[in-house]
Amino acid sequence: MHGRVKIKSTAQQEEEKRKEREKKLKIYVAARDACFSKRKEGIWDDEALQLTQQLLSSNPDFATLWNYRREILMHLETVKEEDEVQKIYEAELSFLESCLKVNPKSYGSWHHRGWVSARLPRPDWARELSLCDRCLSLDDRNFHCWDYRRMVVKVSGVPVDQELGFTDRLIGSNFSNYSSWHYRSTLLPLLHPESPEPPSPRRERPHSSPPPSPQTHSHRVCEEQLLKEYELVQNAFFTDPNDQSAWFYYRWLLGRAEREEMISCVYVSREEERVAVAFSRPVNAQSVGLLLVLDGQPQRVEWRSVHPRFKHSPVWICDLPPGTISDITNEHNLTVHWTEKHTHRDCALYTGRAESWCRDSATDQELFRSELSIEKTSVLQSELQSCNQLQELEPLNKWCLLTIILLMRALDPLGYEKETLAHFQTLREVDATRSAYYSDLCSKFMIENTILKMEYAEVRVFSISDKHLTTLCHLDQLLLVTHINLSSNQLQRLPPQFAMLQCLEVLEVDNNCIESLEGVYHLPKLEELLLKNNKISTLADLQPLASCPKLKCLDLRGNPVTQTANIESALSELLPSVTDLLL
Amino acid sequence: MAAEDLPSEFDVVILGTGLAESVVAAAFSRVGQRVLHVDRRSYYAANWASFTFNGLLTWIQKQHEEESQPEEPQDWSSLVEEGEELIHLSNSDSSSISNVQVFCYTSEDEEEEVEEKCLNTTEEERGGADEVAVKETSETECAEPKEEMTEEADGTADREEEASHTEGQEPEADQPAPSAAQSQSVPTKKKISYAQLVKEGRRFNIDLVSKLMYSRGSLVDLLIKSNVSRYAEFKNVTRILTYRNGSVEQVPCSRADVFANRQLSVVEKRKLMRFLTSCVEETEEQQAYRGRPYLEFLRDQQLGDNLQHFLLHSIAMVTEDTPTEEGLASTRHFLRCLGRYGNTPFLFPVYGLGEIPQCFCRMCAVFGGIYCLRHSITCLLLDKDSNRCKAVIDSQGQRISCSHFVMEDGYVGADRKKLATPTRLISRAVLITDSSVLLSDSDQQVSMVTVPPIAAGCPAVRMVELCSSTMTCMPGTYLVHLTCQSVGSAYEDLSPVVTKMFRTAESPEQENCPSVLWCLYFNVTDGSGLEVEGYDLPSNVYVCSGPDAALGHDHAIKQAESIFQKILPDEDFCPPAPNPEDIIYDGDNPSSSTGEETEGAGEEAEGAGEEAEGAGKEAEGAGEVTEVAGEEAEGAGKEAEGAGKEAEGAGEVTEVAGEEAEGAGEEEKQQESLQTEE
């Protein structure tokens, strides 16, 4: 016949294996030591090249050796002819290929390949691209390869549509692929940019600020393509609604450009001789070139954020030189310039007025729709419909529920408030591990809605009690508010951002779980603070209140701190202005 | 091949080289039994065989001839010892095949004339004789034709284009039919001519049975377990199609298919996916439908007509009255097989299904089995006392003693069949067409097409369309197999489907359909319909039935395994063959005494083995039956021993699972992340 089967005892096999390993280790260690000593001596010769190759081909993640290799190659570049250099680098590329077979996700190998490709006198980009194709067809989530591919594409000028076709193919074979979707999101705006005219002339700019810079919308995609993308991604999430990659891409499609950068509010108070400025995003006022002009005269003022914790803040304040605006019979015109962004906002303080402001309200700016899209309502509406359809089929799918909530907010935050709350409740149930996240998100939306309601009512009272709030946000929008009622929620702290409430006079936060009052800090007008039934436990927690000069009334009933010995005397020492103390 | 060279004693003698017999042969040989495997035919695989075009023409001719051939019983009484009794075996081969009809639609010929022509052409005789040689060397030849084909592909494409240009003109009717030789010299500008089919006949591998391999079916498991898979290459069936409302549609069955499908609405997509994921597990709701039709169950799932059709006809592949539990079982089987090697549950062996029995024969030969084709067993010698078969007498009149005898049921004499159970038949059609039933980006698709009954009382038809890269047909053509349970003759059952889906002389109005160049209808006995136990035979004689109508191979594999286990209940059935590297080749060949015959067979087998090894190293092409899982894990280890170098190509499907999580984490950061999942 054709021979017998070898029979090896396992002990014998083990022994052989062990010996083999020992032998390998010996060779490896010897080669490594040789490399290190050569490098120390600064020898850049072929032998070193070979030694490192030997080592790296068995362990391609040895960064020091790659460095050494680069040193050698750079040295060879200086002493060899171009043709020879080309050959050396080509050999390097094929060596790298073998390294990638050992570990297709080796940082060292990919980085070195990028380095070699960049130095190759006559690079063959087509070959590199096909290498990427091959690697990605084996593992479509190899992000090292994705990075390298982006580099190759950029350098060799591969047409964008070709790359988009590539993502089509990968997504077609397996759409559970963040990299492909993400790559798509970078390619689409290049290939199908949004048409240049403003998408929706939704409001008159009352304060003739300059038109938005062209970059603000640059990562948007034209509507025709957008509709196709919606269809594609819907196919994905209807096929598998539990796959997050498609949902993330969907969110990107629905998302909108960053908000225009501007000064959203200027507030001036005669009594405090103080100006507060709110920006559309947190800035560092000391470094953005903020200029205050009062009655035509540039003022030298010192801008400070509302809380020392913030280097960046959406609200900044400054004190005017004493006496400049204190005379109530004078009228003053104020302009704040944001020189860096070529934008400014004017504010007039009329005779007989104690304060004045000028701003875009949250409703003007459609501020809270920024989460999702400025797309046409009809588009969003139909997206909402298909998500609702999916939700009917998959009532417990969290991605679908969350997307529905976002779409509803983009469409009509107040109109859909009830549904939104119900969906949040379902979300907390089906995805209990993230219930705190949903609660925070829900709080945020509730606050936004309350702000909107307040704006429509044109009042300076912000009231949101008994709504299960777990967090506070958008406090910069409450700059002008005088009365706040947050009682009967689940707040644990009044965060430093609370210091933005420059006009606040009365604060009700009864029946929460507040432990920290960090944000009740230098509130110039705060007179009344109702803190009944919270968790303030030490006197130190009340320390921030000492910075509020007008605080007269403080209700601390039902807080652990009231059990402290000598609390009354300690408090009168700490807060001398308080005349009305409830313990 | 002189019969005197055969040893006179074996453990197992096997008559017939069909799938079950070949698996049995391999299994016995593998565990050290002495196996003699013979077949009266000149080719391997009996009714499981694949033929070149010319080989098939010869086969057709033989079917016609043998119907009239009388059998002459010979007198072997001199070989009978005391206490023994002769049992004559039937030697007619054609009883299982009936209603053979051939139609040729290419060139200008009338069908009747064409039929005659193919039966009379003398050239084919030679082709048929060469058949075996071609088969035996097909492994070594395959590399070379591959290259040729790619070169010629362009040429045929051009020709096709020309053909489509002239399509509009009506063929000049009633032209005198040229003979095959003539038409060869007259270049026809139209579609591929009959002469071309004959000339390129070697490029065809036309299967008598049409089956597919479920990627988690018992055949694939056995091929992997026994390492027989290394003797063959496989291709994934690339798509599942169905015929519905007069057109061919793609059936979305994998996640990627569902995602890419353009016909289904997103809601249907969701419903389909949900159904497919939910039916994997047994639910109380399903229990409630026990005994009631699957269709009813599907209806109550609110799936809609589209999905119901897909699920019933293409995924479960059952009829409207199949009970729910059965429908669900076959749906689950389908789903289990998905994604192992590709986007469909099926594999098809390159060079045709006839390869599979031969692969097992090779394994048998490698372990010492002896092969004789054109060699039969005419009689069994029954020991009256023990009711056991002591020996057999072969067609050369040699007495060969054996402990067990296995045979194809076709050899069982009519007198030994206990009950005349009504035999069920399978209707088969083989078409050579000029284009695919559903055009797509690639012209190299392997398609499984389900055709539900086109009218009440008609059978459901299963159709497999093979492209030239499966090495079963010449470039520019498609080989289409139709199969169904017979109601009438093959022609009666299948021609209505053919004329609906293809353009033929009977259906010239189907202008947008592929044209049939040539077609063959025949009926074959349904192997599953025969009661294998129901024979009056000695206790150590075992019968294997021929091909059954089912799509998979489970019937034959089960049969082989049960025969093996009856004889050797304690032995492993087809254990993994050792790695060639672990075999010690020593100077003394202990079995050299078995003579030339053995060596011949052995050499062939060895050659095949080497071939297979080579193929394994390439390991590129899609859908190879290769087990990767183990290697993968090793490659992932930090040992960096250079393992897993070959981990290219094969088994991408299973590969990514572990790394997915990592990738996800990294990429998520790039997205505008609202929340993070681990």
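Lettering of chains follows the sequences in order, A, B, ..., and the numbering in each one begins at 1. Below, all heavy atoms of this structure are taken into account, side chains as well, without hydrogens, waters or symmetry copies.
- For the atom pair CD (A:E394) and CE (B:M273), the distance works out to 10.0 Å, reported to the nearest 0.5 Å.
- Side chains of A:Q389 and B:R270 form no contact here, defined as non-hydrogen atoms less than 4.5 Å apart.
- Using a 4.5 Å cut-off between heavy atoms, A:L390 touches chain B through its side chain atoms alone.
- A 6.0 Å sphere centred on CD of B:E281 holds no more than 12 heavy atoms belonging to other residues, nucleotides or ligands.
- When the options B:L272, B:N261, B:V258 are evaluated for a side-chain contact (heavy atoms from CB on, under 4.5 Å) with A:T239, the one that passes is B:V258.
- Residue pairs meeting the salt bridge (Lys or Arg N to Asp or Glu O under 4.0 Å) criterion with at least one member in residues 227-236 of chain A, sequence neighbours excluded: A:R184-A:E229.
- In this view, A:T471 and A:D440, A:S443 satisfy the side chain to side chain contact (heavy atoms under 4.5 Å, CB included) rule, not counting sequence neighbours.
- To the nearest 0.5 Å, atom CZ of residue B:R255 and atom CG of residue A:D243 are 5.0 Å apart.
- With chain A as partner, the option from B:V267, B:L264, B:V266 having the largest number of non-hydrogen pairs under 4.5 angstrom is B:V266.
- Of the inter-residue distances, the one linking B:R274 atom CZ with A:F238 atom CZ reads 11.5 Å to the nearest 0.5 angstrom.
- Closest of all the heavy-atom pairs between B:A256 and A:S173 is CB-O, 3.6 Å.
- Using cut-offs of 30° and 60° on the angle between ring planes, the pair A:W181 and B:F259 is perpendicular.
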